[in-house]
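All remarks here apply to the structure that follows.
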Amino acid sequence: MNLFTKLPFVLSLVVASGLLMSSCGDSGTDPEVEASNEKFIGTYIGEITCDRLLATVVNEPTLEFTITNTSPASDDMVSVNLPIPEFPLELTGTVTGNSVNMEETKVENVMVATFTLDVLANGTGTLAGNALSATINLTGFQAGTSSELGQSTCTINANKQ
């Protein structure tokens, strides 16, 4: 067999291979995927109430707060910024589905009546539509010591604006 009789077959293979390879590439029409934290990011208005140790200190019937992206940004992390007058609280949370798990954070020198406390805070929250319900666990220590003075559980019910 000579080269001219094989040429159409070889050319057909080259063209078919080229078409096949070009169809395997990224078409650029993939829908944009929303980061898991996007649903949480925004401004919320609601209330926060605490029991026990901080019951008389933290009781805001109308609290406006924000949930923002962390810095540096991460698709599954948020920053929960609670501007509580007695002690502003910023918690970093990990988002999984409609839930957020807020890592332990320490706030120092919180005035409660005549005591100065250091407060450890952590919590969880769930977003259903625009309604956020969260629980923040607070443990108070005598400032600068490891002497625990008490605990409080704070409940937040808020709506995303």
Side-chain angles (χ1 to χ4, degrees), residues 22-161:
S22 68
S23 69
C24 292
D26 185 12
S27 65
T29 60
D30 293 338
E32 234 179 83
V33 177
E34 181 181 81
S36 60
N37 67 355
E38 283 296 317
K39 67 182 85 149
F40 280 90
I41 293 174
T43 300
Y44 293 79
I45 296 178
E47 67 178 1
I48 181 170
T49 55
C50 297
D51 65 7
R52 298 180 295 221
L53 179 67
L54 296 174
T56 60
V57 178
V58 180
N59 188 356
E60 297 294 324
T62 305
L63 177 68
E64 182 173 328
F65 63 97
T66 59
I67 297 180
T68 59
N69 216 335
T70 55
S71 180
S74 173
D75 285 350
D76 65 344
M77 301 292 289
V78 292
S79 181
V80 181
N81 307 290
L82 299 168
I84 302 166
E86 293 75 13
F87 62 101
L89 190 56
E90 184 175 324
L91 297 164
T92 299
T94 302
V95 173
T96 306
N98 291 331
S99 299
V100 60
N101 184 33
M102 294 167 268
E103 300 166 5
E104 187 170 86
T105 300
K106 184 177 184 179
V107 181
E108 296 179 332
N109 300 318
V110 176
M111 287 299 298
V112 177
T114 59
F115 296 101
T116 302
L117 307 176
D118 291 340
V119 178
L120 289 180
N122 64 35
T124 59
T126 303
L127 188 63
N130 286 332
L132 176 70
S133 58
T135 301
I136 308 291
N137 303 304
L138 304 167
T139 304
F141 297 87
Q142 185 175 349
T145 73
S146 60
S147 178
E148 184 177 322
L149 298 174
Q151 299 178 352
S152 288
T153 301
C154 300
T155 303
I156 299 172
N157 290 302
N159 288 306
K160 187 176 180 183
Q161 303 302 297

Go through Ile67 and Tyr44 one step at a time and tell me if the side chain to side chain contact (heavy atoms under 4.5 Å, CB included) criterion holds.
CA-CA 8 Å; Ile67 297 180; Tyr44 293 79; 3.5 Å; yes

With side chain to side chain donor-acceptor pair (under 3.5 Å) as the test, would you mind laying out the steps for Thr43 and Glu64 before giving the verdict?
CA-CA 7 Å; Thr43 300; Glu64 182 173 328; 5.1 Å; no

CA sep, side-chain torsions, deciding dist, call: Leu127, Lys39, side chain to side chain contact (heavy atoms under 4.5 Å, CB included):
CA-CA 8 Å; Leu127 188 63; Lys39 67 182 85 149; 4.1 Å; yes

Could you list the donor-acceptor pairs under 3.5 angstrom formed by side chains in residues 131-147, with sequence neighbours left out?
unit_1: Asn137; atom_1: ND2; unit_2: Asn122; atom_2: OD1; d: 3.2
unit_1: Thr145; atom_1: OG1; unit_2: Gln142; atom_2: O; d: 2.8
unit_1: Thr145; atom_1: OG1; unit_2: Ser147; atom_2: N; d: 3.1

Report, one line per pair, each donor and acceptor closer than 3.5 Å where one atom sits in a side chain of residues 69-77; sequence neighbours left out.
unit_1: Asn69; atom_1: OD1; unit_2: Asn37; atom_2: ND2; d: 3.2
unit_1: Thr70; atom_1: OG1; unit_2: Pro72; atom_2: O; d: 3.0
unit_1: Ser74; atom_1: OG; unit_2: Asp76; atom_2: OD1; d: 2.9

Output side-chain donor-acceptor pairs under 3.5 Å for residues 92-104, partner residues at least two apart or in another chain, one line each.
none

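The distance from atom CD1 of Ile45 to atom CG of Asn159, rounded to the nearest 0.5 Å, is 9.0 Å. Expressed to the nearest 0.5 Å, how far CG of Leu82 lies from OG1 of Thr66 amounts to 8.5 Å. Rounded to the nearest 0.5 angstrom, Glu47 CD and Cys154 SG are separated by 12.0 Å. Here Thr126 contributes atom OG1 and Phe40 contributes atom CZ; the two are 7.0 Å apart, rounded to the nearest 0.5 Å. Atoms CG and CG, on Asn81 and Leu89 in that order, are 9.0 Å from each other to the nearest 0.5 Å. Atom CD of Gln151 and atom CG of Leu120 lie 10.0 Å apart (nearest 0.5 Å).
Under the 3.5 Å distance criterion, the side-chain polar atoms of Lys160 are matched with a main-chain donor or acceptor of Ile41. Checking side-chain atoms of Asp118 against main-chain N and O of Asn109 turns up a donor-acceptor pair under 3.5 Å.
Residues Thr155 and Cys50 fail the side-chain proximity criterion, which asks for heavy atoms closer than 4.5 Å.
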